[in-house]
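Along the sequence shown, the residues carry numbers beginning at 1. Start at 1 and go down the list; that is how both ligands and their atoms are numbered.
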Amino acid sequence: MLEILDTTLREGEQTPYVNFTVDEKIQIARMLDEVGVDMIEAGDPSVSPNVETAIKRIASLGLRAEVVAHSIASRSGIDKAKACGADRVAIFYATSQIHLDAKLHKTPEEAVCIITEHVGYARSLGLKVRYTPEDATRTDFEFLVRVCNAAIEAGADRISFADTLGVMQPHIFHERVQALRERLLPCKIDLHCHDDYGLSLANAMAGIRAGANCIHTTVNGMGERTGIPDLAETVVAFHNLEGVEKYSIEPLMELSSYLERVSGFFVAPNKPITGQNAFSHKSGVHTNGILKDPRTYEPFDPALLGRERKIVIDKYTGKSAVQARLDEYGIEVSAAELEVIVSRIKNLGDQRKQLFDADILEIAEQVTGREIDVIPHDISAILMVEVESHVYTSSVVRRLRGFTNVSQVYEITGDYDINAFVNVENVMALNNLIEEVRTIQGIKRTDTRMVLKKYNGNNK
Ligand code: HCA
Ligand code: CU
C-alpha cells in the first residue's frame, strides 16, 4: 500500500524566499493530517529556533501522521530531534563521489562509519530512524547497497532513495529500485525525487511499481530549485490511475491555496490538478465536445476536487459555447442572432487578450436590440496598494505581476503607490485575491474598487 511523506515544512521551506511562521506550520500540519498523509517531515531543528519550536508544537498535536525531524549526521542534531518529541529522525549523509570529495572531504570508508555511528546513536535514544543517502542516484550502486545495509544493521528501518538532482528517468529508476529492493536487508524504501527534468512524479510512480513503499511530496511541488512531486498530483494520480483510495482529496484545493497565500509562491495556471486552467476549455471543437459530454475532453470530473469546469470565450469560440453562456444568463437569441454574436465575439477576440462576460452581454444587447439587464458573473476591479516606506515599490510590483489574475500594474503618485487591474471569476475569488495580495511583505494597506462598466478609448 502506497505511503506518502509530505515534506512541505522541510523541503518546501527550502524553496527560495519561502519562510513560514510557526502558526502557519501548525495549520499546514493539521491540513496535511486531514488529507491523511502517513508522515509529516516537520523540519530540521538545527536550522533555527523557529523551526525547532514548530517541530515541538507539531509533535505535541497528537496527529495521526508520524512526525519526522530531518537532521545531518550530528549528535547535537539528533539530540534536538529527540528533544522536539519527533517520532523519527531522518539522517542524511551524501554518498556520491562528488559529494564525498568536494563537500564532505571523506573517504567512502569514513562515510560508512559516520553513518552507522549516528544511526546507532539515534536508535539508542529510542528514535525510529530513516537514513537518506543524499545524491543516491549518482552513487556507485555497490557502495550504495553497502552503506544502506550498514545503516539498516545499525537500526534504520527506512532508506530514502534520493534523486537529489532529479536526473532519473522512469525506466532507469524502476530498474534501480528493483535492484535495491533485491539487495537491501528488510526495510521500507522511500522515494525522494527532484523535478529538475519534470519527471519527479513519473519516476516516483515507477519506483513504487518496482517495490518501493513511500513517495515524498510537497504542497504545490515546492522545494529546492524546481521542487519535488506535488501532493495533490500524487494523491489524485494514484487515486484515479492506480485505485489508491486511502487519502482524502477534498482538502487538497484549500491546502494548495493556503500554501500559495502563506508562501507567496503561486502555481502556474497550467499546473495539473490545482492550476487555474486544469478544467478550462477553449477551442470550439473542445467546448462543443464538453457541452455534449464532458468525458470527451476531461480526464476526470473536476467535482472530485470540488472544482468546476470553465469554458473560455474568445476568438476560438464556437456557437455552442456562446449559446451555453447566454443560457446561463437566461438570454434567448435566435439562430441568426447567435451567428452574428459569435462573429462579433471573434472580431473583438482578435483585438484583445481576454473577453469578459460584460463584453459578451454588450454584444448580445447590440445584436438583439433588446436591453439586457443582468450582472456579469465575472468581475474586474482596481486594486490600490500603499507600500511601507522602507520597501522598494518595484519589489511589490514584481510580486503583484506574478498573480495570474492581475492584468496591469502601474506605479503611481498620490496616497497610494500602486494601481493594479484584476479580473476574477466572482466576488469570492476577488476576496481571496485581496487576501493573498495582503500577505505580500511590505504592503501597508490596500483599497479595492469594483468596476461597474468598462469603456474602451479610441485606440481600444
Ligand atoms: C537535500 C537533502 C534531501 C534529502 C532527502 C531525504 C535530498 O539535498 O536538501 O532526506 O529523503 O534531496 O537529497 O532533500
Ligand atoms: Cu530534496
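- Looking at Glu224 against ligand 1, nothing comes within 4.0 Å, counting heavy atoms.
- For atom 1 (C) of ligand 1, the nearest protein heavy atom (residue, atom name, distance) is Glu134 OE2, 3.4 Å.
- A side-chain donor-acceptor contact under 3.5 Å links Arg176 to the backbone of Thr137.
- When each atom of ligand 1 is checked for a heavy atom of His70 under 4.0 Å away, the hits are 4 (C), 6 (C), 10 (O).
- Between Arg445 and Glu386 there is a salt bridge, since a side-chain N of the basic residue sits under 4.0 Å from a carboxylate O of the acidic one.
- Every atom of ligand 1 with a heavy atom of Gln14 under 4.0 Å away is listed here by number and element: 9 (O).
- Proximity to Ala162 (heavy-atom distance under 4.0 Å) selects the following atoms of ligand 1: 13 (O).
- Judged by distance alone, the side chains of Glu298 and His281 do bring a donor and an acceptor atom under 3.5 Å apart.
- Ion pair Glu66/Arg88 flagged as a salt bridge, since at least one NZ, NE, NH1 or NH2 atom sits closer than 4.0 Å to an Asp/Glu carboxylate oxygen.
- No salt bridge links Asp157 with Lys188; every basic N to acidic carboxylate O contact stays at or beyond 4.0 Å.
- Every atom of ligand 1 is numbered from 1 in the order shown, and the set under 4.0 Å from a heavy atom of His194 is 12 (O).
- Taking a cut-off of under 4.0 Å to the non-hydrogen atoms of Ser160, the atoms of ligand 1 that pass are 6 (C), 11 (O).
- Between the side chain of Asp378 and the backbone N or O of Val424 there is no donor-acceptor pair closer than 3.5 Å.
- Side-chain contact between Leu291 and Ile311: present, with at least one pair of heavy atoms (C-beta onward) separated by less than 4.5 Å.
- Judged by a 6.0 Å distance limit and a 45° cone about the ring axis, Arg209 is not positioned over the six-membered ring of Phe173.
- Residue contacts with ligand 1 for Arg10 involve side-chain atoms from C-beta outward but no N, CA, C or O (heavy atoms, distance under 4.0 Å).
- Near Glu11, the atoms of ligand 1 lying under 4.0 angstrom from a non-hydrogen atom of the residue are 14 (O).
- Here is the list of ligand 1 atoms found below 4.0 Å of a heavy atom in Arg130: 6 (C), 10 (O), 11 (O).
- Around the Cu ion (ligand 2), the protein contributes the following N, O or S atoms at distances under 2.8 Å: Glu11 OE1, His192 NE2, His194 NE2.
- The pair Asp38-Lys246 meets the salt-bridge criterion, since a charged nitrogen lies less than 4.0 angstrom from a carboxylate oxygen.
- Tyr121 carries Arg75 over the face of its six-membered ring, with the cationic atom under 6.0 Å from the centre and within 45° of the normal.
- Applying the 4.0 Å criterion to heavy atoms of Thr164 picks out, from ligand 1, the atoms 7 (C), 8 (O), 12 (O), 13 (O).
- Look at Asp135 and Arg138 and you find a salt bridge, because one of the NZ, NE, NH1 or NH2 atoms lies within 4.0 Å of a carboxylate O, short of that distance.
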